[in-house]
Amino acid sequence: MDDDIQLFTVDEVLQYTYISVPKELFINPIYSHLSSDSKLLYGFILDRFSLSMKNNWKDENRHVYLIFTRKDIQKLFNLSDKTVTKAFKQLIDCKLIYEKKQGRNKPNLIYPCKMIVNGWSRKNYESGVGKFTM
């Protein structure tokens with residue numbers, strides 16, 4: 001084996017933190033048109049969402065929100081403004097997030113939304129075989 005390759009041992013695998021991206025975004029035909037950037041962004045939004053819950057960031061209706069500026073996302077993902085704006089638009093159009101404007105020079109509040117899981121069959125999806133049916 002090449003000396004430059006560093007493999008994980010059993011004890012080292014969990015030393016990192018991971019971003020979880022819902023499998024639903026990859027298997028549900030409703031989300032098939034989403035770009036990889038949009039899917040990854042949704043995973044990061046859900047990750048930030050849990051932090052917002054811990055910090056008790058909620059509105060008057062008890063809906064949890066987060067603040068994640070486009071500039072921060074551009075820097076984190078190393079993406080252009082255009083690409084980040086497109087990813088946000090895709091998530092908004094799919095009703096995976098809702099943005100509430102706060103006013104001039106204030107960041108938008110982002111509300112993660114529930115995924116649509118009804119309306120299609122997941123038959124055999126866990127095994128990785130079969131076709132999706134509507």
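Residue numbers run from 1 in the order of the sequence given. Just so you know, these numbers come straight off a predicted model, no measurement behind them.
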**Q** Should Val64 and Leu46 be counted in the same cluster of Ile, Leu, Val, Met, Phe, Trp and Tyr side chains packed under 4.5 Å apart?
**A** yes
**Q** Quick check for you: to the nearest 0.5 Å, what is the distance between Lys86 atom NZ and Ser35 atom OG?
**A** 6.0 Å
**Q** Treating Glu24 as the side-chain partner and Met115 as the backbone partner, does any N or O pair qualify as donor plus acceptor under 3.5 Å?
**A** no
**Q** Atom CD in Gln102, atom CG in Asn108: separation rounded to 0.5 Å?
**A** 7.5 Å
**Q** Once rounded to the nearest 0.5 Å, what's the spacing between atom CG of Leu25 and atom OG of Ser36?
**A** 10.5 Å
**Q** Can a donor-acceptor pair be found, under 3.5 Å and without considering hydrogens, that links the side chain of Arg48 to the backbone of Ile67?
**A** yes
**Q** Quick one: closest heavy-atom pair of Ala87 and Leu41, and the distance?
**A** CB-CD2, 3.9 Å
**Q** Transitively linked via ILVMFWY side-chain contacts under 4.5 Å: Leu96 with Phe77?
**A** yes
**Q** Report the distance from atom CZ of Phe44 to atom CG of Asp72, rounding to the nearest 0.5 Å.
**A** 12.0 Å
**Q** Decide whether Tyr42 and Tyr98 are clustered together by the hydrophobic rule: side chain heavy atoms of Ile, Leu, Val, Met, Phe, Trp, Tyr closer than 4.5 Å, transitively.
**A** no
**Q** Cluster question for you: counting only ILVMFWY and a side-chain heavy-atom cut-off of under 4.5 Å, with indirect links fine, are Ile92 and Tyr111 together?
**A** no
**Q** Could you check whether atom CG of Asn78 has more than 12 heavy atoms from other residues, nucleotides or ligands sitting under 6.0 Å from it?
**A** no
**Q** With a cutoff of under 4.5 Å between side-chain heavy atoms, which Ile, Leu, Val, Met, Phe, Trp and Tyr residues group with Leu51?
**A** none
**Q** For the aromatic rings, using the six-membered ring if either is Trp, is the centroid distance between Tyr16 and Phe8 under 6.0 Å?
**A** yes
**Q** Kindly indicate, with the supporting measurements, whether the criterion side chain to side chain contact (heavy atoms under 4.5 Å, CB included) is fulfilled by Val21 and Leu40.
**A** CA-CA 6 Å; Val21 179; Leu40 186 59; 4.2 Å; yes
**Q** Quick one: does Asn61's side chain have a donor or acceptor within less than 3.5 Å of a partner on His63's backbone?
**A** no
**Q** Of Phe49, Tyr65, Phe88, which meets side-chain contact (heavy atoms from CB on, under 4.5 Å) against Ile110?
**A** Phe88
**Q** Please report the shortest heavy-atom distance between Gln90 and His33, naming the atom on each side.
**A** NE2-O, 4.1 Å
**Q** Rounded to the nearest 0.5 Å, how far does CG of Leu66 lie from CE of Met53?
**A** 10.5 Å
**Q** Going from CD1 on Ile73 to CD1 on Ile45, what distance comes out if it is rounded to the nearest 0.5 angstrom?
**A** 6.0 Å
**Q** Applying side chain to side chain contact (heavy atoms under 4.5 Å, CB included), run through Lys95 and Ile116 and close with a yes or a no.
**A** CA-CA 9 Å; Lys95 297 182 172 133; Ile116 298 168; 5.7 Å; no
**Q** Please check if atom CD in Gln15 has more than 12 non-hydrogen atoms from other residues, nucleotides or ligands closer than 6.0 Å.
**A** yes
